[in-house]
Amino acid sequence: MQGKFQSKGTSYGDPGFSIFLRSAFSRHLGFDNQDLKKPIIGICNTYSEINRCHTHFPVLVEAVKRGVLMAGGIPLEFPTISLGEVFTSPTAMLYRNLAAMDTEEMIRAQPIDGVVLLAGCDKTTPAQLMGAASADIPSIMLTGGPMLNGEYEGRTLGACTDCRWFWQEHRAGRVDEAELEAINLALAPSAGHCMVMGSASTMAVCAEAMGMMLPGAAAIPAPDNRRLRIAEETGRHIVSLVEQGLRPSQIMTEEAFVNGIRALQAVGGSTNAVIHLVAIAGRLGIPLPLSLFHELGQSTPFLANLRPAGQYQMEDFAKAGGVPAVLHELKPLLHLDTRTVTGKTLGENLDGYRRPQHEKYKAVIATLEEPIADTGGIALLSGNLAPRGAVIKPKAASKALLVHTGRAVVFDSVEDMERRIDDADLDVTPSDVLVLRNAGPVGAPGMPEAGMIPIPKKLLQQGVNDMVRISDCRMSGTAFGTVILHVTPEAAVGGPLALIENGDLISLDVPAGSLTLDVSETTLEARRKAWKRPPHHESRGYTRLYEEHVLQADEGCDFDFLRCAAVDKEATK
Ligand code: FES
């Protein structure tokens, strides 16, 4: 084959000269000109020194390069935007689409024949899958893997579930400064992404279940030597994918997304994955209505006992067999003929697979015959308060609150909430419903992870650990509580959340899938007439572009001009 390095011209108006020039300039890359006729494999690296979840990427890159070279390709690493979740303000989600554009355009612009997508922290994985879906050249994802378990006084610690839990305990006065500091030291003990089933772990699981990552790659902890081996194998496989010409659009089919959603539901994954999967599918013209997530959630058993919805963490999940063990259990429910980056189908990948046998592993990954629960980890809600839907993780919520009616206590923005939540004069009781609005994709902007509204301090001190909370923003996949998120349409575009007043009654019924504002339509109409759209936050730059073009949560929060036009046609069929 003739690779793109030798054939993909630049724009000097003379294709022959362009190749001549490239040849001269590439001599300093250290490869012989003959080598550059081999498949050129880009390694799209989201590493930066500010992104702590990616600290080990340099050794992974070396392993991928070895694999590429052994298979007869030439590896060339290139950087894209790095989004470290806790180091990116106001929220990494604001920049997911920018990262996706960076990935797509650099894959398309450079003379590479295939690409290894190296991601890890929350938004990097969906951003790369979105970009690769649009660029559509042979691609394999390799995530960096989760951190090892933390431990404090014999208790396993998980970032960031325990970050939140112990901070809440500190606010309640039950953990002092000295103990908090000792816990802080142990919360994030190694390289890798958050080690509970948060957004990073979830997106890795989905990428593997959809066939974009080698079997077993999602769960191996970052410091485990098996990650180096799978990185090398990834390098070998991308060369073979280039030879086969197998592209993301042939792997991430509608059936593959169904497999991904089944895996998401079975592992009790992050609610953020709902937004990301819709966005990735949107790049390929595949509509994923929230009703599909609901339907698949109702028919997918809950198998993985992982925090924040369960008890164990990713290190235990990897020992219990990781994603292949989950897919093995789910086999009767999956599309087994979908193609994967191994060049084989999902069914062929699972042929002959044997789960780790020790009884203790069944406590981490249950069987199809004896699941933890009959339905999946994410439930969808709708009603007059969320006409286009909202999400909740019932397994990470308080059972007693899943059917609940309470008075609304409304916060108009994240800043308003921060200012008033601990005010001793705040009129709030444990049975009230905390509402946060103007925190959605347009409203914040960027839909921050503020949905786990802190319990007001005075209630925390009375021993209240959970309340019903509703917002148009997101929450971290590592967070927990009776938290309703992604209310769509959001308040900033005139969704019903904008019309709630303090004291209105809100009814939640998770088993029935409903979220209702108990206010008459006549009253709501009068409030709607008085409502004024908030002004844009920015007059220039990327944030202004974001505010003008971001889509709502049920459309994946992608930019309107990046979604494949076919998806809207498909959706209206
Ligand atoms: Fe990077 Fe949690 S901060 S995955």
Side-chain angles (χ1 to χ4, degrees), residues 45-58 60 80-96 99 117-129 141-150 156-167 183-208 213 217-224 227 264 267-273 275-276 306-309 313-315 317-318 393 396 446-452 473-480:
N45 191 356
T46 48
Y47 168 85
S48 89
E49 286 189 343
I50 297 177
N51 190 342
R52 64 81 59 213
C53 300
H54 294 195
T55 49
H56 58 309
F57 277 25
L60 286 182
T80 55
I81 294 171
S82 185
L83 298 175
E85 192 66 23
V86 296
F87 298 100
T88 308
S89 298
T91 167
M93 184 64 177
L94 181 64
Y95 302 103
R96 183 204 63 178
L117 307 163
L118 205 50
C121 196
D122 289 5
K123 305 302 172 292
T124 53
T125 304
Q128 287 198 321
L129 288 174
M141 170 133 268
L142 175 67
T143 50
M147 287 181 240
L148 297 170
N149 289 341
T156 300
L157 292 184
C160 281
T161 304
D162 285 311
C163 316
R164 293 170 210 288
W165 174 256
F166 282 106
W167 184 249
I183 291 163
N184 190 282
L185 280 170
L187 274 169
S190 76
H193 59 67
C194 290
M195 66 290 228
V196 297
M197 188 48 77
S199 302
S201 303
T202 304
M203 286 312 299
V205 166
C206 292
E208 186 177 326
M213 192 150 69
I220 301 167
D224 190 312
R227 185 151 291 281
L264 164 69
V267 301
S270 165
T271 46
N272 285 318
I275 294 178
H276 298 320
L306 298 171
R307 302 179 78 201
Q313 302 194 152
M314 290 301 282
E315 191 180 329
F317 183 59
K393 266 172 114 168
M447 210 180 178
E449 293 186 337
M452 187 184 163
C473 57
R474 300 172 302 118
M475 77 172 179
S476 163
T478 64
F480 49 86

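Atoms within each ligand, like the ligands themselves, are counted from 1 in listed order. Just so it is clear, the model here is predicted, and its values are computed rather than measured.
Each protein N, O or S atom less than 2.8 Å from atom 1 (Fe) of ligand 1 was counted, giving 2.
Looking at every heavy atom in both residues, Cys121 comes nearest to His54 through N-NE2, 2.8 Å. The minimum heavy-atom distance linking Arg52 with Ser190 is given by the pair NH2-O, 2.8 Å.
Between Ser199 and the choices Asn272, Thr125, Thr478, Thr271, the side chain to side chain donor-acceptor pair (under 3.5 Å) rule is met once, by Asn272.
Formation of a donor-acceptor pair under 3.5 Å by the Glu208 side chain with backbone atoms of Ala217 is found in this model.
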Could you walk me through whether His276 and Arg96 pass the side-chain hydrogen bond (donor to acceptor under 3.5 Å, both in side chains) test, one step at a time? CA-CA 10 Å; His276 298 320; Arg96 183 204 63 178; 3.0 Å; yes
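Every residue two or more places apart in sequence or in another chain that forms a salt bridge (charged side-chain N to carboxylate O under 4.0 Å, His left out) with Asp162 is listed here: Arg155, Arg307.
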